[in-house]
Amino acid sequence: MKGLLACAMLAAMTSAAMTTAATAQISDDVVRIGVLTDLSSWGRDNSGPGSVEAAKMAVEEFGPTVLGKPIEVISADHQMKTDVGVQIVRGWFDNGKVDAVVDIPNSGIAIAVHNMVRERNKIALLSGPGASSLTDELCSPNTVHFTYDTYALSKVTASAVIKEGGKSWYFITADYAFGQQLEKDATRFINEMGGKVLGGVKHPTNTADFSSFALQAQSSKSDVVAFANAGQDTDNAIKQSGEFGLVQGGQKLVGLLMFDTDVHVIGLKAAQGTYMTTASYWNMDEATRAWSKKFYERTKVMPTMIQTGVYGSVLHYLKAIKAAGTDDSAKVMARMRELPIEDIFVHGGKLREDGRVIRDMYLAKVKTPEQSKEPWDYLDIVKTVKGEDAFRPVSESKCPLLKK
């Protein structure tokens, strides 16, 4: 009887395995992930080659295959140009058989690709762009906005600075979708908290000379000078504002989107005391330190939140394919919403129907040179803000996917 029972169990297990193998479906017999990033322009340090390595690290952690099929990571440089980015992705979909597009620093490019992904029934795993409209009026069932957005950045940072007495604000803003959205979101929270915006100036991206903008900000006599830009623009703006004595004159500097790499370039002497909001930091705990040191060995820099977001979004995508038994976009997206998001940097995250990942955010303050104890020890985490408090609530959303 025992022998018969064992044989029956073996037959059942074999049948189940064969059924699973038969139902598992991977298009083109490969899962291909395209990292669309900035490899040559002003956002390179915060995403770029580091984003490509982060995607590869996610694949290595998951395993070289999913459902018995290989996983490939390819990459391309969108050069911060919308037409270039759209052309690359169109080629990926038409000829390269790419299943998911990852990263996309630059909100203008991300919005264009986000629309294309919906039309082609592919998946966008966005870590680089910040425009909160991607999960608001522009929301799509095919997009995951994984890391941060302008709503969370402005809400968390503005709340802290106003509580410290920064009531009047002046903006230095990058003149494209991300900068405009960031200033708009921040203005809302400043007004709601009893602050006031005295004015602002817009600049083209990849600007080298911020002297006239810094002087205008200085003459405004605002309590706070807020930089609604990113990458090298933020670095140059904060450096030159420091050279013109804005901080010595009593004005607070706020980087509405800053990264560890920006502080590294600016230096602690110029950046000290600056508030910023981040979705991750390399030096949070033993696990983040271990992962970040591996990343450093490959890139020679510590990871930004964009790069840890690329890692996390790719890992979650692969877990969802395994759970769904297919790489069909609709079924994978459904699984991504069902599964809790767990990785080295995100714990208990949740993908909402509008594509917004609800995860904890962190208010940080740049350390003084004396407070820094080792290389890349730049940030003091002042406060942890729960995802439900950081991101746009459902009650304020214009996304029709949340109305069902």
Side-chain angles (χ1 to χ4, degrees), residues 27-28 30-44 46-52 54-55 72-150 174-182 204-206 229-233 257 306-307 309-310 313-314 317 327 329-330 332-333 354-356 399 401:
S27 57
D28 307 308
V30 61
V31 172
R32 189 169 287 110
I33 298 166
V35 183
L36 183 66
T37 191
D38 176 16
L39 297 172
S40 60
S41 190
W42 50 267
R44 184 182 188 278
N46 302 327
S47 53
S51 288
V52 179
E72 292 184 6
V73 175
I74 63 173
S75 61
D77 181 8
H78 61 38
Q79 304 171 37
M80 289 294 178
K81 298 175 182 177
T82 302
D83 57 337
V84 173
V86 168
Q87 183 178 4
I88 290 168
V89 175
R90 184 177 292 116
W92 278 353
F93 290 164
D94 291 345
N95 306 310
K97 299 179 181 178
V98 165
D99 300 294
V101 182
V102 183
D103 196 12
I104 320 184
N106 185 302
S107 292
I109 301 172
I111 289 170
V113 173
H114 158 90
N115 292 330
M116 188 189 306
V117 163
R118 177 168 45 195
E119 294 167 2
R120 299 294 189 94
N121 194 30
K122 301 288 187 175
I123 290 177
L125 305 171
L126 304 180
S127 185
S132 61
S133 58
L134 283 159
T135 55
D136 195 26
E137 65 269 24
L138 301 179
C139 70
S140 163
N142 295 70
T143 290
V144 177
H145 206 178
F146 195 87
T147 307
Y148 70 99
D149 64 23
T150 53
D175 193 12
Y176 76 113
F178 165 76
Q180 295 161 9
Q181 184 78 55
L182 187 54
T205 57
N206 210 16
N229 47 21
Q232 292 176 10
D233 287 337
L257 177 62
I306 289 180
Q307 293 156 348
V310 168
S313 63
V314 170
Y317 171 65
D327 64 353
S329 295
V332 171
M333 286 297 300
D354 58 354
R356 176 67 261 162
C399 175
L401 299 173

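Computed over heavy atoms, backbone and side chain alike; hydrogens, waters and symmetry mates excluded. Since we're looking at a predicted model, the values are computed, not measured.
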* **Check: Met116 and Val86 side chains under 4.5 Å, non-hydrogen atoms** => yes

* **Ser127 and Ser313: side chain donor to acceptor below 3.5 Å** => no

* To do: Could I get the full list of salt bridge (charged side-chain N to carboxylate O under 4.0 Å, His left out) partners for Asp354, not counting sequence neighbours?
  => Arg352

* Trp92: ring pair (Phe, Tyr, Trp, His ring centres under 6.0 Å) partners, not counting sequence neighbours -> none

* To do: Provide the full list of side-chain hydrogen bond (donor to acceptor under 3.5 Å, both in side chains) pairs with a residue in residues 97-107, sequence neighbours left out, each pair given once.
  => Ser27-Asp99, Thr37-Asp103, Ser51-Asp103

* Structure fact -> Residues passing the side-chain hydrogen bond (donor to acceptor under 3.5 Å, both in side chains) test with Ser40, sequence neighbours excluded, are Asp77

* Is a donor on one side and an acceptor on the other found under 3.5 Å between the side chain of Arg356 and the backbone of Thr135? -> no

* Salt-bridge present (Asp327, Arg32; N to O < 4.0 Å) -> no

* Which residues satisfy the side-chain hydrogen bond (donor to acceptor under 3.5 Å, both in side chains) test with Asp136, sequence neighbours excluded? -> none

* Structure fact -> When rounded to the nearest 0.5 Å, the distance separating OG of Ser133 from CZ of Phe178 is 11.5 Å

* Asked: Can you tell me if His114 and Thr143 form a side-chain donor-acceptor pair at under 3.5 Å?
  -> yes

* Asked: Which value, rounded to the nearest 0.5 Å, describes the distance between Tyr176 atom OH and Leu182 atom CG?
  -> 9.0 Å

* Rounded to the nearest 0.5 Å, what separation is found between the CG atom of Leu125 and the NE2 atom of His145? -> 11.5 Å

* Non-neighbouring partners of Asp83 that pass side-chain hydrogen bond (donor to acceptor under 3.5 Å, both in side chains), sequence neighbours left out -> none

* With a 3.5 Å cut-off and no angle check, do the side chains of Asn206 and Asp233 form a donor-acceptor pair? -> no

* Should the heavy atoms of other residues, nucleotides or ligands under 6.0 Å from CD of Glu137 be counted, would the total exceed 12? -> yes

* Asked: For the side chain of Lys122 and the backbone of Val98, is there at least one donor-acceptor N/O pair under 3.5 Å apart?
  -> yes

* How about Gln79 and Asp38: does a side-chain donor come under 3.5 Å of a side-chain acceptor? -> no

